[in-house]
Asker: 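The structure that follows is given in the form of structure tokens.
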Amino acid sequence: MKKIIALDIETTGLNPRKDKIHGVGVAKSVTEVDYLDVNHNGLREYLANPENHIVGHNIRFDLKFLIHAGVTINCNIWDTKLLAQLLNENQELGLKPLSQKYFGSSALDNKRELDRAVSSINGRSVADLCLRDLEDESEPFYHIISKYCMEDCVNTLRLWTMLIDELKRGHNKMLQAGYTNTPLTYYMEETMPLEKVLIQMELQGIRIDVEQLRKYRDVLQSENKQMLAEMSLLAGKQINSIEEELYAKVIATKKTDKGKANVLKRSEKHGTKFNWQSSDHIATLIFDRFGIPISSVEKTETGKPSTSESSLEDLHNSLEPEHLLKRILGTYKTWKKTLKLITTYTGEDKGLMSQIEGDRVYAEYLQAGRGKEGTTGGTVTGRLSSRNPNMQNLPRGSEIKKFFVPDPGHIFVYFDYSQLELRLAAHLSQDPLLIRAYKENLDLHEITGQAIGADRQTGKSTNFAMIYDASAWRLADMLNKSVEECQLIIEDFYKLYKGYRQYLWDQRKFIMRFGCVVSETGRLRRLPGIFEHPERTKEWRHALKQGYNFPIQSLGASITKRAMIELANRNMKIVTQVHDSVVVSLPEDKLDKVPEIQHIAENIYPVSVPLKVDIKLLTSLSESDIIQKQEDKNEQQCSNDRTNQARG
DNA sequence: AGAATGGGCGCC
DNA sequence: TGGGCGCCCATTCT
């Protein structure tokens, strides 16, 4: 590659719409470094030229600020953080840890001076320094900020040189071994092109019907209040007793110096009140005051009795109808669901509500972990993750999705891949029956169901369990059958899909030999647990399952992402993505584009079976749930028809 | 007082 | 005792 410039900006905060750019650092080489004003002419010309190249560490952050400030970005963009993740998804991805790893501690030359400056203004970060510097005309911190920024630029540039070289060496090795797709091709064809799409998505955000959301908040809150009163009344006696115990504990702890500060602080918030939001308190209520034996319920990771919904559901079912606890648990379950909605979505000053700017939210979509120092983070399979808010776990069928609406004059085009991962299991395994089922548009769930002597629903669960290599124990739990029965089901399953069984054997052989897996699009996943732990230990089995699942999940992620890239290349605005579904915002007078979108999605990547895409127009995100339900019904109907035909 | 961990739960 | 995520709260650690 020709000349490349490393770029890093310093800002007064993390929000490209609210915070200001302090300056732009650029490094042409390790000795030619500058810290420029955002309006610098030469800089603007460079970035506007499609022949130029820039690299940054998490460059999306910088570009969102620059674009918002009116800077045109037409040059090619590269990212050392995303590159580092492809080299090793288990390593720390921050600029500092990577610099440390690749060229030692010189990366921290200016750290001490910076820390001194930050603490001198009682600040927490360089952002505080930038803010103070911009506000104060005497600019007392400019030289510190610029020095720090330029150092980051140099480190990014050095890192780029070393990382891209390592990626190319790996690429050549894999080519010799017969691969056509490698982490290098993945980076060039998928990761970096997607960055431009994500920048557009994040800058655009999504509109919220704030008025309706507020109305819904009031409904939830009054419901919740009522339920809380009901529960507190029912459990009044037990709660009193627990509160006495809590009070005694506070008194006892107060007498020790150590406990003083903590207990007093907590007392300000909850006092010695029973807290329905505390799983500890709930456990005390159920297992101590109501005397439910802890042997009868599921245990948590640390061996304590679980108060999870499924655990309490079992308990609820086992109680006599007029048992007091049964009535409490009934209300508690609903109360907790409502509370979750309130805290995550409708509560003022937290969750979704606190993230609304005007009438929009601006979610982030991560390709790699944010890399807080000490953590690895990241989406190891190549899926995206979303946050602030997380658009990928909005509750299905709840009111919440109704409040996410298109811009005026626009409509949401929603599409999703039908049974994407099962189709990819067919493609990757080349199992004859799986392939035939999808080529001839047969109902796979029905086929499996019949083969194991069960209904369609059981067939469906079994099919999905297969992708995850579920145990008989787990399947039994899912299907409400005995473990022995499920062992037979699994045997029957693999007799039917011999090709898939062979595929798993081959996968296992590969994993045991190399301790890693490769996706068809060239993404790698190392499985250190394979060599670090003896066979058949818990950790080893976990790593093996990760290895089985990776090629399927990763290829699915690639396909959706590549569809997004192609759509964006054709000027379509993508609003959000949930792994196998995408929402595009289309002007109302451009609906002729809908068949084009579907065609692109279905044909973006060639596999051995047809990919099926369902596509619909929506006026809010909530309708995607309705569609999903309808699809299920349609499938059922088809299978009934076919069964009836067979009978007739 | 803030960071880290655990429990729990939402999604594909 | 399927895989992959993020976020809330309470609690403990430092």
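Residue numbering restarts at 1 for every chain, and letters A, B, ... go by the order of the sequence lines.
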Asker: Are there over 12 heavy-atom neighbours, none belonging to E301(A), within less than 6.0 Å of that residue's CD?
Answerer: no

Asker: Check whether any side-chain nitrogen or oxygen of T300(A) sits under 4.0 Å from OP1 or OP2 of dG7(B), and answer yes or no.
Answerer: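 For dG7(B), OP1/OP2 do have a side-chain N/O of T300(A) under 4.0 Å.
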
Asker: Indicate yes or no: does E309(A) engage K337(A) in a salt bridge with an N to O separation below 4.0 Å.
Answerer: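 Result for this pair is yes, salt bridge flagged.
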
Asker: Near DNA chain C, which residues from residues 329-351 of chain A have a heavy atom under 4.0 Å away?
Answerer: T343(A), K350(A), G351(A)

Asker: Does a side-chain N or O of T381(A) approach OP1 or OP2 of dC5(C) to a distance below 4.0 Å, or not?
Answerer: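 The answer is no; no side-chain N or O of T381(A) sits under 4.0 Å from OP1 or OP2.
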
Asker: Check salt bridge (charged side-chain N to carboxylate O under 4.0 Å, His left out) between R541(A) and all other residues, then give those that pass, not counting sequence neighbours.
Answerer: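 Partners of R541(A) under the salt bridge (charged side-chain N to carboxylate O under 4.0 Å, His left out) test: none.
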
Asker: Looking at dG8(B), I'd like to know if its phosphate oxygens (OP1 or OP2) sit under 4.0 Å from a side-chain N or O belonging to T307(A).
Answerer: yes

Asker: May I ask you to evaluate whether H542(A) reaches the phosphate of dG3(C), defined as a side-chain N or O under 4.0 Å from OP1 or OP2?
Answerer: yes

Asker: Please enumerate all residues that pass ring-ring contact (aromatic ring centres under 6.0 Å, His included) together with F404(A), with sequence neighbours excluded.
Answerer: none

Asker: Base of dG2(B) relative to its sugar, syn (within 90° of 0) or anti?
Answerer: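 Here the answer is anti: the torsion falls beyond 90° from 0.
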
Asker: Check salt bridge (charged side-chain N to carboxylate O under 4.0 Å, His left out) between E245(A) and all other residues, then give those that pass, not counting sequence neighbours.
Answerer: R289(A)

Asker: For the residue pair Y605(A) / E520(A), report whether a side-chain donor-acceptor contact shorter than 3.5 Å exists.
Answerer: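 A pair is found: one side chain offers a donor N or O, the other an acceptor, under 3.5 Å apart.
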
Asker: Among residues at least two apart in sequence or on other chains, which ones pass salt bridge (charged side-chain N to carboxylate O under 4.0 Å, His left out) with E357(A)?
Answerer: R17(A)

Asker: How close or far is atom C1' of dG8(B) from atom CD of E313(A), stated in whole angstroms?
Answerer: 15 Å

Asker: Verify the contact: side-chain N or O of N275(A) to OP1 or OP2 of dA10(C), cut-off strictly under 4.0 Å; return yes or no.
Answerer: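 For N275(A), the contact criterion (side-chain N or O under 4.0 Å from OP1 or OP2 of dA10(C)) is met.
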
Asker: Taking only residues two or more places apart in sequence, or in another chain, which ones meet Y494(A) in a ring-ring contact (aromatic ring centres under 6.0 Å, His included)?
Answerer: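 Y494(A): no ring-ring contact (aromatic ring centres under 6.0 Å, His included) contacts found.
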
Asker: In chain order, what residues pass the ring-ring contact (aromatic ring centres under 6.0 Å, His included) check against Y497(A), with sequence neighbours excluded?
Answerer: F493(A)

Asker: Dot-bracket, DNA chain C: Watson-Crick or G-U, under 3.5 angstrom, [ ] crossing, | other strand?
Answerer: ..||||||||||||

Asker: Can a side chain N or O of S386(A) be found less than 4.0 Å away from OP1 or OP2 on dC5(C)?
Answerer: no

Asker: Taking 4.0 Å as the cut-off, does a side-chain nitrogen or oxygen of R124(A) come that near to OP1 or OP2 on dA3(B)?
Answerer: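 It does, given that an N or O in the side chain of R124(A) lies less than 4.0 Å from OP1 or OP2 of dA3(B).
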
Asker: If only atom types and distance count, is the side chain of E89(A) paired as donor or acceptor with the main-chain N or O of R526(A) below 3.5 Å?
Answerer: yes

Asker: Could you tell me whether the phosphate oxygens of dG2(C), OP1 or OP2, come under 4.0 Å of any side-chain nitrogen or oxygen in R541(A)?
Answerer: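 So the side-chain polar atoms of R541(A) never come under 4.0 Å of the phosphate oxygens OP1 or OP2 of dG2(C).
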
Asker: Quick one: does E539(A)'s side chain get under 4.5 Å of E532(A)'s, heavy atoms only?
Answerer: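 No. Closest side-chain heavy atoms not under 4.5 Å.
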
Asker: So which heavy atom on D469(A) is nearest to which on K545(A), and how close?
Answerer: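 So the two residues come closest at O-NZ, 2.8 Å.
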
Asker: Could you work out, with salt bridge (charged side-chain N to carboxylate O under 4.0 Å, His left out) as the rule, every residue matching D128(A), not counting sequence neighbours?
Answerer: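 Residues passing salt bridge (charged side-chain N to carboxylate O under 4.0 Å, His left out) with D128(A): none at all.
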
Asker: Determine whether a donor-acceptor pair (one donor, one acceptor, N or O, separation below 3.5 Å) exists between the side chain of N393(A) and the base of dG10(B).
Answerer: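 By the distance-only test, yes, there is a pair.
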
Asker: Scan residues 526-535 of chain A against DNA chain C and write down, sorted by residue number, each residue with any heavy atom closer than 4.0 Å; if none is found, say none.
Answerer: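 None, since no heavy atom is under 4.0 Å.
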
Asker: Excluding sequence neighbours, so at least two apart, what forms ring-ring contact (aromatic ring centres under 6.0 Å, His included) with H427(A)?
Answerer: none

Asker: For the side chain of R387(A) and the base of dC7(C), is some donor closer than 3.5 Å to an acceptor across the two?
Answerer: no

Asker: Using a strict heavy-atom distance below 4.0 Å, which residues from residues 543-554 of chain A are in contact with DNA chain C?
Answerer: K545(A), Q546(A), N549(A), Q553(A)

Asker: Please tell me if R383(A) has a side-chain N or O lying less than 4.0 Å from either OP1 or OP2 of dG4(C).
Answerer: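 Indeed not, no polar side-chain atom of R383(A) lies that close.
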
